[in-house]
Amino acid sequence: MTDEALETKVRSGGVRPGSNPGMRAHDSTPGDTKTEVSTGDLPDLETVQGVVALAHRTYLDVHDGQVADYIPALAEAPPDLFGIAIVGVRGRAGGIGDSTHPFTIQSVVKPFLFALVCEALGHRAVRERLGVNATGLPFDSVMAVEIAADGLTNPLVNSGAIAATSLAPGETAEQKWEFLVEGLSRFAGRALEVDQVVVDSERATNGRNEAMARLMAGHGRLYFDPDEATDVYTRLCSLKVTAVDLATMGATLADGGVNPVTLRRVVSPDTCRRTLAVMLTAGLYELSGDWLYEIGLPAKSGVSGGIVTVAPGKGGLATFSPPLDAAGNSVRGQLATKLLSEALGLDLLVSRPFEEPDPAG
Ligand code: DON
């Protein structure tokens with residue numbers, strides 16, 4: 001459907017995506033219901049290292065995709081960079097290729113930003129104020145804000161991420177920034193710093209995000225000064241990480257909110273599962289359905305070429321390769337993650353019969 005046709009349908013009341021905070025299923029279960037946890041383990045270290053090496057070798061020679069250039073500083077990334085890292089919940093870490101090459105986190109910051117705000121405000125408040133449903137539209141879609149019945153999108157697209165930033169604890173932009181960077185650094189297990197060249201480049205070309213924030217404010221869905229919230233969000237996107245950092249951050253979400261390398265708690269188990277739910281719904285934007293269909297794991301991509309993927313109870317894995325597909329997702333990263341998900345038995349949706357069927361039946 002063209003944008004115009006969709007808009008006509010929306011205006012006529014034919015499409016009203018929105019959230020449903022009043023739904024009964026969102027009530028707490030009775031107090032005596034115990035939440036059980038059922039996951040599994042990663043294979044042994046040698047198998048994991050072998051599969052990571054295989055994924056790297058297999059896709060090293062794929063040269064499809066384009067390096068993002070809408071932020072001028074990102075266009076300079078060498079397209080050949082390719083790294084993979086994995087961190088298990090026992091704290092075992094491994095990487096191959098350019099797994100320690102620094103790059104700016106970009107949209108991969110969004111689930112961690114959401115987790116910190118969710119932890120601070122509570123899962124109900126953030127769902128009511130940000131929304132948690134897929135938009136089905138590109139990450140920077142202005143129309144997504146316009147067509148939602150209640151101006152809500154989700155924290156993994158730009159509109160929802162800027163709104164999440166605006167909700168961070170703190171009276172001033174600087175206090176919000178400090179709160180978020182400190183929390184993101186705890187996810188990574190080290191102090192994260194901004195890439196000043198990328199911040200300057202983004203600030204100079206940020207008209208769309210600035211307009212989006214003002215539009216959100218017009219809908220009553222931005223909870224701080226729109227320009228300041230956008231600037232904090234932009235600086236967060238420009239934090240420098242490596243694939244090993246992203247895998248550690250993912251492993252923290254896989255490990256009930258405890259960083260398995262530093263053994264420090266970052267967020268609660270409940271915040272982790274809410275964050276993973278949003279990653280399943282919207283982590284790869286309009287291709288999130290394809291990703292779930294192929295890979296079966298919560299993940300988040302970014303325009304600098306990073307993808308973080310979480311195997312709950314097992315660990316976090318991350319890929320870094322700058323060339324992107326049309327939706328803004330790393331081409332090699334998607335391929336390598338699929339191979340890792342299959343070969344390491346990570347896909348959440350796969351099962352095997354408890355007993356093989358009777359051949360005579
Ligand atoms: O706001 C932006 O446009 C960038 N700082 C981040 C976008 C991004 O990474 C989208 N990901 N695929």
Side-chain angles (χ1 to χ4, degrees), residues 65-77 103-114 134-142 144-145 153-166 177 180-181 184 192 194-216 222 226-241 243 246 249 278-279 281-288 290-291 298-309 318-334 337:
Q66 297 288 323
V67 176
D69 59 4
Y70 79 102
I71 300 168
L74 294 186
E76 287 158 29
F103 57 97
T104 54
I105 189 165
Q106 298 301 334
S107 283
V108 183
V109 80
K110 290 170 178 165
F112 304 100
L113 153 61
F114 171 70
T135 64
L137 292 166
F139 65 87
D140 58 352
S141 173
V142 173
V145 178
T153 54
N154 69 68
L156 303 193
V157 291
N158 289 12
S159 48
I162 298 170
T165 306
S166 78
W177 164 254
L180 292 167
V181 172
L184 294 166
L192 298 178
V194 293
D195 181 326
Q196 199 54 46
V197 174
V198 175
V199 182
D200 293 344
S201 184
E202 285 209 53
R203 277 178 170 154
T205 54
N206 219 11
R208 197 173 173 91
N209 282 336
E210 287 159 359
M212 185 102 70
R214 282 162 184 252
L215 180 65
M216 297 284 289
L222 219 275
D227 290 341
E228 291 194 77
T230 307
D231 195 59
V232 173
Y233 159 80
T234 303
R235 287 152 69 193
L236 294 173
C237 289
S238 303
L239 288 169
K240 276 183 288 187
V241 290
L246 291 187
M249 296 171 85
V278 189
M279 290 167 79
T281 313
L284 279 277
Y285 306 115
E286 64 272 37
L287 301 188
S288 296
D290 288 308
W291 174 271
K300 183 72 201 80
S301 61
V303 288
S304 52
I307 302 181
V308 66
T309 303
T319 57
F320 168 55
S321 171
L324 311 176
D325 66 13
N329 302 316
S330 165
V331 174
R332 283 197 197 104
Q334 294 178 77
T337 308

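First listed ligand is number 1; within each ligand, the first listed atom is number 1. Remember, it's a predicted structure, so these values are computed and weren't measured experimentally.
In terms of protein heavy atoms, atom 1 (O) of ligand 1 is closest to Y233 OH, 2.6 Å. When only non-hydrogen protein atoms are considered, atom 12 (N) of ligand 1 lies nearest to Y285 CE1, 3.1 Å. Nearest to atom 9 (O) of ligand 1 among the protein's heavy atoms is S107 OG, 2.7 Å. For atom 6 (C) of ligand 1, the closest heavy atom belonging to the protein is Q106 OE1, 3.2 Å. The single protein non-hydrogen atom nearest to atom 2 (C) of ligand 1 is Y70 OH, 3.3 Å, given as residue, atom name and distance.
Distances between N or O atoms of N329 and those of ligand 1 include no value under 3.5 Å. Residue V303 has at least one N or O atom closer than 3.5 Å to an N or O atom of ligand 1. Remark: ligand 1 and N209 share an N or O pair separated by less than 3.5 Å (distance only, no angle test).
A distance of 11.0 Å separates NZ of K300 from OG1 of T309, quoted to the nearest 0.5 Å.
The part of E202 lying near ligand 1 is the side chain, judged by heavy-atom distances below 4.0 Å. The proximity of D140 to ligand 1, defined as any non-hydrogen pair under 4.0 Å, does not occur for either the backbone or the side chain.
Taking every non-hydrogen atom of C237 and a distance limit under 4.0 Å, the qualifying atoms of ligand 1 come out as 5 (N). Within ligand 1, the atoms closer than 4.0 Å to a non-hydrogen atom of G328 are 12 (N), numbered from 1 in the order shown. Those atoms of ligand 1 with a heavy atom of G302 less than 4.0 angstrom away are 9 (O), 11 (N), 12 (N).
In this pair, Y285 and F139 present their aromatic rings tilted. The plane angle is within the 30 to 60° band.
Using a 4.5 Å cut-off on side-chain heavy atoms (C-beta onward), F103 and L246 make contact. Contact annotation: the side chain of E202 never approaches that of R235 to less than 4.5 Å [non-hydrogen atoms, C-beta and beyond].
In this structure, the side chain of R208 engages the main chain of D140 through a donor-acceptor pair within 3.5 Å. Between the D325 side chain and the G328 main chain, a donor and an acceptor come within less than 3.5 Å of each other. Remark: the backbone N or O of V197 is not paired with any side-chain donor or acceptor of S201 at under 3.5 angstrom. Of the possible donor and acceptor atoms, one in the side chain of S304 sits under 3.5 Å from a partner among the backbone N and O of T104.
Qualifying salt bridge (charged side-chain N to carboxylate O under 4.0 Å, His left out) partners for D200, counting only residues two or more places apart in sequence or in other chains: none.
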